[in-house]
Amino acid sequence: MNSYKRQIAMLLLATLAVVSIFATYLFSSYQARKDLRQSGERQLQMIALDLEAVLERHETLPYTLSYLPQVAQVLAHPESQDGIRALNLDLQAIQQQAKIAAIYLMDAQGNTIAASNWDQPQSYIGQNFSFRPYFQDVMQRRSGAGHFYAIGNTTNIPGYFISQPVFASPGLRGSSEPIGVLAVKISLHEFEKAWRSSEDPIALSDRHGVVFLSNREVWQYRSLRPLDAEVQRDIQATLQYSGKTIHAISALSKKEQNGYGEYLTRPIGRLGWQLMLFPDEAKVNTAGLESAAIVLLLLVVLATIAAAWDQRQQRLQERLAAQQALQQAAAQLEQRIAQRTRDLTQANADWEAQFCKLQQAEQVLRSTQNEMVQTGKLAMLGQMAAGITHELNQPLTAIRAFADNADVYLQRGKLEQVSANLHHISSASERMGIIIAQLKGFARKSSEQLQAVNVTQSVHAAIALLQNDLHRLGLQLELHLPESLLVLGDNIRLEQVIVNLLRNAMDAVEQQPRIWIEIRVSEQVGQVWIQISDSGAGLPDAVIAHLFEPFFTTKPSGQGLGLGLAISSSIVQAMNGTLQAENRSAGGACFTVRLPLLNAAS
Ligand code: ADP
């Protein structure tokens with residue numbers, strides 16, 4: 001993954017993390033709020049049921065009491081101290097039995113004439129409660145029963161008051177004026193105590209929104225919202241809250257307001273009361289934050305693990321890449337070494353093959369050379385044998401024929417014929433003799449004694465030998481001969497060479513329109529050259545190739561043996577010289593004998 005994609009992925013993950021943390025916070029807050037509400041509602045319901053039960057439990061008590069005959073009697077005879085005392089004791093007993101705050105009886109003017117707390121320092125007896133709504137409502141028959149909550153005027157203890165009118169006799173209820181009012185006071189103080197155990201604020205407010213019971217003491221006798229002047233006045237008039245001015249809770253200090261805010265509520269009783277529970281909103285926030293923190297922690301742990309894993313993975317990948325690179329390098333190296341080795345082996349093999357070929361070639365060459373030497377010799381021997389056979393066979397056949405004929409002639413007595421035949425036999429054998437003599441010259445060994453030979457003299461001697469033939473041809477030789485040049489050799493044999501060459505030249509020019517032969521002897525850097533040139537037809541390539549082979553001739557049978565140049569060449573070689581032939585540019589052939597010059601000193 002490249003870094004750009006990585007960054008985008010990180011950004012997305014980070015966004016996702018933030019969103020999930022926030023979502024967790026929201027969800028968990030929502031859940032906590034729901035839970036809080038549910039538990040709040042439950043708590044509220046329980047408190048409300050308790051409260052309602054207490055209020056209802058004593059609802060009928062004043063009604064029942066108003067029917068007591070001694071009640072009407074006391075009202076009828078307020079001067080009777082005994083009757084009052086007896087009633088006081090009765091009321092006290094009932095109050096204690098019913099576990100309520102007080103039971104008391106007022107006359108039609110609101111003066112208390114009997115009370116359960118008759119023996120208490122803060123006894124109601126003698127107190128006038130005509131200003132209280134629960135008295136007025138009942139006396140003026142606005143309602144069957146009176147209900148009121150107030151701080152006790154005498155005791156300063158708050159309580160719930162329930163009142164019933166008292167009639168002179170029970171039969172008069174509904175038709176005549178009440179003669180007094182019987183009231184019970186129920187303390188709600190116990191609730192306040194019970195609520196203290198609750199963490200959340202609980203409050204009970206009257207229909208004006210004035211809190212009169214709460215586990216938050218400072219909220220007591222304070223209103224949920226500021227009260228208008230009329231309501232304030234009303235409250236003052238009934239001394240409901242001991243004449244206190246009621247301030248709003250919102251006027252309290254922040255610390256004192258703590259917990260005040262949204263609340264759950266339920267209506268309670270007959271006086272438009274409201275029971276309120278203030279769920280601790282901070283709990284909601286705390287729960288949300290806690291969950292978010294857990295998720296955050298989880299994400300951090302996850303991110304740490306992921307980062308560690310990623311790093312490990314990266315390191316692994318790096319190690320793998322390095323390993324691969326190393327392996328690749330090693331493989332390349334191995335490959336290169338193998339290639340080099342192959343190349344070297346190949347080169348070596350090539351060399352060996354070439355060497356082998358060279359050796360083979362050498363061997364082939366050597367054997368070819370041997371073969372060539374051998375075949376050359378054999379060929380020459382064959383040629384010689386054929387030539388000799390051919391040359392000797394003719395005269396031999398002739399001799400046999402003449403001899404046979406002579407025999408026949410002899411038997412017939414023709415002696416002349418016999419003599420003629422014998423003559424033929426003689427000339428035929430003479431010819432055989434010439435051939436054999438020529439062969440003898442060829443066969444002579446080269447290791448004979450050599451001596452200083454004057455080349456010019458040899459040339460003159462040769463010309464002298466051929467004088468007749470030269471005359472016959474009418475040929476004037478062109479001679480270029482120096483005074484004297486010496487070579488080491490055999491003068492007879494050198495003459496023979498020159499005679500051979502001159503005779504060939506004469507044969508070559510014989511049929512030519514221009515007859516010209518030149519003999520030139522010259523000294524050339526330590527050599528003596530004898531050149532014999534003619535105006536003949538020259539030497540065709542086919543002839544040059546076999547020129548010095550024995551018995552090679554272009555001449556008709558009987559005129560040439562083909563031994564001249566072969567013999568001449570071997571004579572010159574025996575004198576450490578060479579014999580070569582070439583065509584002259586002007587036409588005709590030129591034969592050159594090269595011999596080492598014998599200097600004067602030697
Ligand atoms: P022969 O003369 O008996 O033929 P040679 O060995 O002397 O034997 O000569 C061989 C051949 O060389 C001749 O037959 C001829 O064809 C050729 N030859 C020799 N000399 C000459 C020359 N001067 N000009 C042309 N051809 C020549």
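Every number for a ligand or one of its atoms is a count from 1 in the order of the listing. Numbers for residues simply follow the sequence, beginning at 1. Hydrogens, waters and symmetry mates are skipped; everything else that's a heavy atom, side chains included, is used.
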Report, in ascending order of atom number, the atoms of ligand 1 lying under 4.0 Å from any heavy atom of [X].
X: D534; value: 22 (C), 23 (N), 24 (N)
X: F552; value: 10 (C)
X: A505; value: 23 (N)

Distance to 0.1 Å, residue and atom name: give those for the protein heavy atom nearest to [atom].
atom: atom 7 (O) of ligand 1; answer: N504 ND2, 2.8 Å
atom: atom 4 (O) of ligand 1; answer: T553 OG1, 2.6 Å
atom: atom 8 (O) of ligand 1; answer: G562 CA, 3.3 Å
atom: atom 12 (O) of ligand 1; answer: L547 CD1, 3.8 Å
atom: atom 25 (C) of ligand 1; answer: A508 CB, 3.6 Å
atom: atom 15 (C) of ligand 1; answer: T554 OG1, 3.4 Å
atom: atom 1 (P) of ligand 1; answer: K555 NZ, 3.6 Å
atom: atom 6 (O) of ligand 1; answer: L565 N, 2.9 Å

Between the side chains of [X] and [Y], is a donor N or O closer than 3.5 angstrom to an acceptor N or O?
X: E518; Y: W516; value: no
X: D350; Y: Q346; value: yes
X: Q339; Y: D343; value: yes
X: Q524; Y: R594; value: no

Give yes if a backbone or side-chain nitrogen or oxygen of [X] is under 3.5 Å from a nitrogen or oxygen of ligand 1, and no if not.
X: L539; result: no
X: F591; result: no
X: D507; result: no

Crowded around [X] [atom1]? As in, over 12 foreign heavy atoms under 6.0 Å?
X: E416; atom1: CD; answer: no
X: D541; atom1: CG; answer: no
X: Q332; atom1: CD; answer: yes

Quiz item: Would you call D469 and R472 a salt bridge, using N to O less than 4.0 angstrom?
Solution: yes

Practice problem: Take every heavy atom of G536, measure it against each atom of ligand 1, and state whether any distance is under 4.0 Å. | Solution: no

Quiz item: Would you call N500 a ligand 1 contact, heavy-atom distance under 4.0 Å?
Solution: no

Self-check item: Whether D534 side chain and A589 backbone form a donor-acceptor pair below 3.5 Å
Solution: yes

Quiz item: Where do R584 and S533 come nearest, in terms of heavy atoms and distance?
Solution: CD-CB, 3.6 Å

Quiz item: Which of these, V499, I532, L565, V509, sits in a side chain to side chain contact (heavy atoms under 4.5 Å, CB included) with N504?
Solution: L565

Exercise. Tell me which part of L501 gets within contact of ligand 1: side chain, backbone, both or neither, using heavy atoms under 4.0 Å.
Key: neither

